[in-house]
Amino acid sequence: MCRGLAGVVGRRIVSATLPRGRVRPLSVKPVASVLVRRLEGRTIAGLHRRGKRVVIEMTEAVGRPREWLVIEPRMTGQMFVVDPPTEEHVRLVVDLAGGRPARFLFWDRRGLGTIRLLDDRGLEAACGASKLGPDGLVVTGDDLAAHLGRSRRAVKAALLDQRAVAGIGNIYASEILHRVAIHPRTMCRRVRRADWERIAAATRRVLAEAVALEGSSIGDETYRTADSRPGRAQQRHRVYDREGKPCRRCRAAIERIVLAQRATFFCPACQARTNQRKR
DNA sequence: CGTTCAACCTGGGCGC
DNA sequence: TGCGCCCAGGTTGAAC
C-alpha cells in the first residue's frame, strides 16, 4: 500500500473529503469536519508504515504541530490513487496540488477500517511499542522468545498478536508455520529456542516475499494495489485457502481448523504435533 | 493469563 | 429466485 502511495510525498493537500454518512463515527478521529479542516493546506512530509497501518506524515502548519494521518485498513480497506471499484465505499478522498497522482483515497467495503489524525503523542499511544511489537520484516528470534517464550497460547494465535510482532495477518501466520513445519496449536512454551529463530526467519521471508509479489488477492473485491492491480502472493500460498488440496511439500491433504476464532490451515503430515514436543 | 464470544460492517457463496 | 445461513485478510472489550 505504502509503495503505491510513494507519489504523494512532498505534495500539498488541496482538499480532503469524508463523504457524508459513509464513515462510522467511531472509526474517525477527530470528527470528520475537524479532520478535513486540519488536512487542507497541509503538505505531506513523509510516508511510513507501523505494522499494518499506513502512516502519512503532515508538516507543521500555523497553529498545528506535526501530525500523522493513520489509516488502519482492517479487513477490506484499501488505498487507491486511481478510481476505486465502487463509489459508495469511498471513505476518504485527499486531493493534491499539481502533479500525479492527482489524489489518493481510502476505500473500504465493509467499513471496519479507521482513519485518525494524531499528534506525536497520539501516534506514540496508538502505534508505539506498547501497542505494536517489532516489525515482522525485521523481527528476531530473541524478540519472539522474549515476548512469547513462556506463554501458554497456541503459537499461531500468538503470531497474530501485534504487540508480540507487528504485521502478521491471518494468511501469513499459517504460511509461516508451514515453512517451519510447526503445528499451529503448539503451545508457545513448548517451542524450542532454535525454533523461535526459525519462525522469525520465516516471518521475515514470508512477509518480504508477499510484499515483493504485491500482496494476496483472493477473490474479486479483495486487495488491490494502489493502481488497482491484483497481487500475486496468493499463487504462492502453501496452505492458506487450500483445504483438501495436496501439500506442496509432501502431497498430504491440507487441513482447515478454527483456532482463536480464525481459520487456520496446515499440513497434518509436515506439521505433525509430535514434531515439536520438547523431548 | 488465556479463551470465547459479540460487535463493528458488507457482500459472495451455498443449501434448500 | 429468494431466503437464511456461513464465511471473509482485523481489532477491541466483556464475560468467564
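A, B, ... follow the sequence lines: proteins, then strands. Residue 1 opens every chain. This is a predicted model, so every value here is computed, not measured. What you see below is based on every heavy atom in this structure, not just the backbone, and it leaves out hydrogens, waters and symmetry mates.
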Short N-O contact, [X] and [Y], less than 4.0 angstrom:
X: A/Asp135; Y: A/Arg49; answer: yes
X: A/Glu209; Y: A/Arg179; answer: yes
X: A/Arg121; Y: A/Asp119; answer: no
X: A/Arg193; Y: A/Glu197; answer: yes
X: A/Glu72; Y: A/Lys52; answer: no
X: A/Asp95; Y: A/Arg11; answer: no
X: A/Arg22; Y: A/Asp108; answer: no

Given Watson-Crick and G-U pairs under 3.5 Å, DNA chain B in dot-bracket ([ ] crossing, | other strand) is .|||||||.|||||||
Could you check whether [X] gets within reach of a base, just the sugar-phosphate, or nothing at all, counting any heavy atom under 4.0 Å?
X: A/Ala210; result: nothing
X: A/Tyr240; result: sugar-phosphate
X: A/Thr86; result: nothing
X: A/Arg150; result: nothing
X: A/Thr76; result: nothing
X: A/Ile218; result: base
X: A/Ala157; result: nothing

Could you please name the option among B/dC5, C/dT11, C/dA8 that lies closest to any side-chain atom of A/Glu72? C/dT11
Would you kindly give the [atom1]-to-[atom2] distance between [X] and [N], to the nearest whole Å?
X: A/Leu132; N: C/dT11; atom1: CG; atom2: C1'; result: 12 Å
X: A/Lys131; N: C/dT11; atom1: NZ; atom2: C1'; result: 10 Å
X: A/Gln234; N: C/dA8; atom1: CD; atom2: P; result: 17 Å
X: A/Leu259; N: B/dT4; atom1: CG; atom2: P; result: 8 Å
X: A/Arg152; N: B/dT3; atom1: CZ; atom2: C1'; result: 14 Å
X: A/Leu160; N: B/dG2; atom1: CG; atom2: C1'; result: 15 Å
X: A/Leu26; N: B/dA6; atom1: CG; atom2: P; result: 20 Å
X: A/Arg116; N: C/dT11; atom1: CZ; atom2: P; result: 11 Å

For nucleotides 8-12 of chain B, list the nitrogen or oxygen atoms of the protein found under 3.5 Å from its nitrogen or oxygen atoms, one pair per line.
residue: B/dC8; atom: O3'; partner: A/Arg24; partner atom: NH1; Å: 3.4
residue: B/dC9; atom: O2; partner: A/Arg110; partner atom: NE; Å: 2.7
residue: B/dC9; atom: N3; partner: A/Arg110; partner atom: NH2; Å: 3.3
residue: B/dT10; atom: O3'; partner: A/His89; partner atom: NE2; Å: 3.3
residue: B/dT10; atom: O2; partner: A/Arg109; partner atom: NH1; Å: 3.3
residue: B/dG11; atom: OP1; partner: A/His89; partner atom: NE2; Å: 3.0
residue: B/dG11; atom: O4'; partner: A/Arg109; partner atom: NH1; Å: 2.8

Answer yes if the side chains of [X] and [Y] hold a donor-acceptor pair under 3.5 Å, and no otherwise.
X: A/Trp107; Y: A/Thr86; answer: yes
X: A/Asp227; Y: A/Thr225; answer: yes
X: A/Trp68; Y: A/Asp120; answer: yes
X: A/Glu175; Y: A/His237; answer: no

Does a side-chain N or O of [X] approach OP1 or OP2 of [N] to a distance below 4.0 Å, or not?
X: A/Gln261; N: B/dC5; answer: yes
X: A/Lys52; N: C/dT11; answer: yes
X: A/Arg262; N: C/dG10; answer: yes

Of A/Asp220 and A/Ala154, the one whose closest DNA chain B nucleotide lies more 5': A/Ala154
Taking the P atom in each of B/dC9 and C/dC3, what is the distance between them to the nearest angstrom? 24 Å
Distance between the C1' atoms of B/dC1 and C/dG10, in whole angstroms? 22 Å
